[in-house]
Structure formats: C-alpha cells, structure tokens
J.: 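Here it is, the structure in full.
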Number of protein chains: 2
Amino acid sequence: MLILDAALPVFVRYGFRKTTMADIARAAGISRASLYLSFSSKEDVFRAGSARAHRQTMTEVEVALKAQVSVFDRIEAAVTTFQRGLIVPLGASADARELFEINMALAADITLETRQRFLDLISLALREAADKGEINLGAVDTEPANLAGIILAAMSGIKEMRGAEPGLGDDTRLLMRLLRAALSPRPISG
Amino acid sequence: MLILDAALPVFVRYGFRKTTMADIARAAGISRASLYLSFSSKEDVFRAGSARAHRQTMTEVEVALKAQVSVFDRIEAAVTTFQRGLIVPLGASADARELFEINMALAADITLETRQRFLDLISLALREAADKGEINLGAVDTEPANLAGIILAAMSGIKEMRGAEPGLGDDTRLLMRLLRAALSPRPISG
DNA sequence: AGACAAATGGACTAAATCTGTCTAATTGTC
DNA sequence: GACAATTAGACAGATTTAGTCCATTTGTCT
C-alpha cells in the first residue's frame, strides 16, 4: 500500500500527535478526501501501517531463517532483520516514546503476535539445529523456547540502553558471539 | 540564553508551525508560564533565537578571519563557519523551507544585516591582502566587494542544490581552490 | 461522444489544541 | 518569617484538526 509507505515516515518524523491527516495525504500525494476513502481515522492509518511493517519484517525474517548457512548466522540475520525493520526506525524518531505507547494502545495485538511468532521461529531453528547435532543444548541445559526468549529480551534491553546509537549493532553482535560460544558442540579452545 | 539554546533545536525538528510554546518550555525545562515571563510570543522566541544564532556565528566568523594564516585559509574558515552556524542546521531540518520563510518574515532584518556584515568582512580581508601583495586582483579586474558577493552567492547556490547532502563541503572547498588559483600573484603552473 | 468509477477541492460542524493572560500556591533563598 | 522567582492550573478566544459530505473534475472504457 503506497499510502502506508508514505505515512510511516511521517509518523516517525513528527510523532503521532503532531502528524495530521493532511500531512499524511500530502506525503502520499493524494487528497485528504481520498485518504478517508481508504482509512476511517488517523488511528486506522497508524494501525494499518504498524501491521504492514510487522508483516513485511516477519516475511524478511522468515527468508533469513531459510538461508543455507549455520544456525548462528541464520539467527543473527533474523535478529538483525527484526531490528532494522521494527526497532531502529522507531529509535530514530524524536518521539520514540510516544510512538511506542501509541503503538501499544492501537496495535498491541499485532505487536505481541509478531513478537510471539518471532520467538517461535527462533525456537524452531534452535530445536532443528539441536536435532541435527549442529548445536549442543546440553551445555546450557534449557529448552529452545527459553533461549529464544533470552535473545529477544537481550535485544529489547540493548535497544532500551543504546537507543538509536551506533553501538546497538555492536552489542547485538556480541550477544550472537556469546550464543555461538555457548552452544557450539565442540569447545572453542583446547 | 538557555531557553533559546533549547528552543532552536525544537524549531529545527518540528518546524515553526508544529512547535508549540509547551514544546519549547518542556525542552528548556521550565513552565509555560515562565516562558512567557521571558518572551511575549512564539514569534518573539523565534526572532530572539535567530538573532542569537546570527550573532554567535558572526563572532566565530570574526575569530576565523583573525587567524595568522593565508587570506585564502582565513576566508575558507570564515565561509565554513558561516555555513555550519547558519546554513547546515536549517538544511538538516525536515521543514527547511518553512523555517526559511518564517525567518524571513520574522527576522529578515537580522538575516540581511548579518549577510551584509559577512560581505564586508570578506571584502575587507581581500582588500587588505591585495594591499599587502598577498593576492593579485588585477587578474580578475574587480573590486573586493564584488568578489565577496560572488563567494556568498556561490555559497547559497551550492546550498540550494545540495541541501544537507555531504557534498556541500566538497563544493565549497572547490570554490575556495578556484578563488586561490585566480588570485594568487604568481602563476600556478609554468 | 457518452457512461462510468475514482479522485478531488472545498465547505462544513464539532472537537481538540494552542495562545496569551491571570491568580493563587509553591518553591527556594536570604 | 520575608522575599522573589517559579509554578500549576484555570480561563476565553482564536486557530487547527477530524471526520463528513457533495458538486465537480479527471481518467478509462465502450
């Protein structure tokens, strides 16, 4: 949807409150009347935009998890994709907090569903890798779902602390090295 | 003035229209009531902020023109300072056009005075350099004021075309090399 | 040309927001 | 406690916005 592609950057730039339907229509290159033919309210635009971004990002995440590389590389790619699609854009906004709250008020279901689906996909990847002997879960003695939960929690924690700073990528890579070292079936050094 | 230091980034971020007195007060860490103790209106805040930025930048420009280096280096430093203080910040705004127009509506006098003063300073530097034989104006057969005018015009033209792109600095340096080559008393190649 | 659907400009009301002003209460300082 | 500075909060009036509606225009198809 072209309108949503135009609307999301406007929300990111001005925040929800300061963004008007006229702003969105202008950005989309249509009239305000036309905008109301597609969406019934500003909340509606935002909800649809959030849903679109979540759907789009998850499609990319699924692609990343299908690549013919190690499970670590696939998970790292999935995490990076998730961050770039749903975390960094919000962090780049001057009104990140407002947008987060509005998103939770208007599109909590989509957001929580997406988060859960991301968890499931990571869990599945870990479980399959464990079955193939690619990784060794015995060393950390836990279920794939718990590991996936840790990864997601660390991601949001890193985001919380670093905001839109460049260090975000570094911390994420460090997290991935940790995972790699902990789950590799053979000792790293010896 | 702390309030103005806080207010200007807000104007740059949201534009004049979308910026409210509540936004400015919040950014300055004071109450809206207090803000009205110092300024009588939003226009007043903007005007004072513009004046402050212009004054501050011109002070820096004067310092740059006093350095003990070649007239070319002094002028280049002055131009860079001018750009960094008054051009780039506006260009970084999403509402650059609105801010420019508002500035011309509310603070045209300050802006034009500053521009004229900048012209005079550059002219003076060129004239003094010519008197000392550091540069040769005969090759271009014109007055220092005209040369200064060209420099300022080229600056605004470059800004117009490149916006906030990184190429702005490159074009400016090229302009300075041109100036250097044209005014050097001895031929560059022989 | 004529028929048809989609998009538009513009008008409109009600609700929300913002401005600028004011006062009583609060805060911090001497 | 006295004092000045700052504040929260209320307020009226002006401006902006949301959401709706319709007559007109635009573009497409036959």
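In what follows, chains are A, B, ... by sequence order, proteins preceding strands, each numbered from 1. Computation of the quantities below employed the complete heavy-atom set of this structure, encompassing side-chain atoms and omitting hydrogens, waters and symmetry-equivalent molecules.
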J.: Of the nucleotides dT8(C), dA8(D), dG20(C), which one has an atom closest to the side chain of Ser31(B)?
T.: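 Selected nucleotide (nearest to the side chain): dA8(D).
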J.: Roughly, in whole Å, what's the span from CZ in Phe39(A) to P in dA18(D)?
T.: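 Value for this atom pair: 15 Å.
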J.: Kindly point out which of dT7(D), dG19(D), dG9(C) is positioned nearest to the side chain of Leu37(B)?
T.: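 The answer is dT7(D).
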J.: What's the closest nucleotide to the side chain of Arg32(A) if the choices are dC18(C), dT19(C), dG19(D)?
T.: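 My answer, after comparing the listed nucleotides, is dG19(D).
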J.: Is the phosphate of dC18(C) approached by Lys42(B) (side-chain N or O, under 4.0 Å from OP1 or OP2)?
T.: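 The answer is no; no side-chain N or O of Lys42(B) sits under 4.0 Å from OP1 or OP2.
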J.: Ignoring hydrogens and geometry, is there a side-chain-to-backbone donor-acceptor pair from Glu98(B) to Phe16(B) under 3.5 Å?
T.: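 Side chain of Glu98(B) to backbone of Phe16(B), a donor-acceptor pair under 3.5 Å: yes, one is there.
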J.: Atom CZ of Arg26(A) to atom C1' of dA7(C): distance rounded to whole Å?
T.: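 Result: 18 Å.
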J.: Using a strict heavy-atom distance below 4.0 Å, which residues from residues 1-13 of chain B are in contact with DNA chain D?
T.: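 Going residue by residue through residues 1-13 of chain B, none turns out to have a heavy atom under 4.0 Å of DNA chain D.
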J.: Within a 6.0 Å radius of atom CZ on Arg115(A), are there more than 12 heavy atoms belonging to other residues, nucleotides or ligands?
T.: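 Atom CZ in Arg115(A) is not packed in, count stays at 12 or less.
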J.: Which pairs of donor and acceptor atoms, one on a side chain in residues 58-67 of chain A, lie under 3.5 Å apart (sequence neighbours left out)?
T.:
from	atom 1	to	atom 2	distance (Å)
Thr59(A)	OG1	Arg55(A)	O	3.0
Glu62(A)	OE2	Arg117(A)	NE	3.3
Glu62(A)	OE2	Arg117(A)	NH2	2.8

J.: Near Arg74(B) CZ, under 6.0 Å, is it more than 12 heavy atoms from other residues, nucleotides or ligands?
T.: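 For Arg74(B), atom CZ is crowded (more than 12 foreign heavy atoms under 6.0 Å).
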J.: Grab the CG-P distance between Leu35(B) and dC18(C) for me, whole Å please.
T.: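 Computing the Leu35(B):CG to dC18(C):P distance gives 14 Å.
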J.: For the pair made of CE in Met21(B) and P in dT15(D), what is the distance, rounded to whole Å?
T.: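 About 16 Å, once rounded to whole Å.
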J.: Do the non-hydrogen side-chain atoms of Tyr36(A) and Met21(A) ever get within less than 4.5 Å of each other?
T.: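 The answer is yes, as the side chains (C-beta and beyond) meet within the 4.5 Å cut-off.
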J.: Picking from dT6(D), dG10(C), dG20(C), which would you name as closest to the side chain of Tyr36(B)?
T.: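 Output: dG20(C).
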J.: Expressed in angstrom and rounded to an integer, what is the separation of Asp23(A) atom CG from dT17(D) atom P?
T.: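 Taking CG of Asp23(A) and P of dT17(D), I get 8 Å after rounding.
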J.: Between dG19(D), dG20(C), dC22(C), spot the one nearest the side chain of Glu43(A), thanks.
T.: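 Of the options given, the side chain of Glu43(A) lies nearest dG19(D).
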J.: Is it true that Lys18(B) and Asp23(B) make a salt bridge, defined as a side-chain N closer than 4.0 Å to a carboxylate O?
T.: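 No, Lys18(B) and Asp23(B) are not salt-bridged.
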J.: For the side chain of Arg17(B), counting heavy atoms from C-beta on, which of dC21(D), dT16(D), dG19(D) is nearest?
T.: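 Nearest to the side-chain atoms of Arg17(B), counting from C-beta on, is dT16(D).
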J.: Considering every strand and a 4.0 Å limit on heavy-atom distances, what is the contact class for Thr20(B): base, sugar-phosphate, or nothing?
T.: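 It contacts sugar-phosphate atoms only.
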J.: Given that Ile30(A) and Lys18(A) both sit by DNA chain C, which one's nearest nucleotide is further toward the 5' end?
T.: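 Residue closer to the 5' terminus by nearest nucleotide: Ile30(A).
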J.: Tell me, yes or no, whether the heavy-atom count around Ile150(A) atom CD1, taken from other residues, nucleotides or ligands under 6.0 Å, exceeds 12.
T.: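 Check fails, neighbour count at 12 or below.
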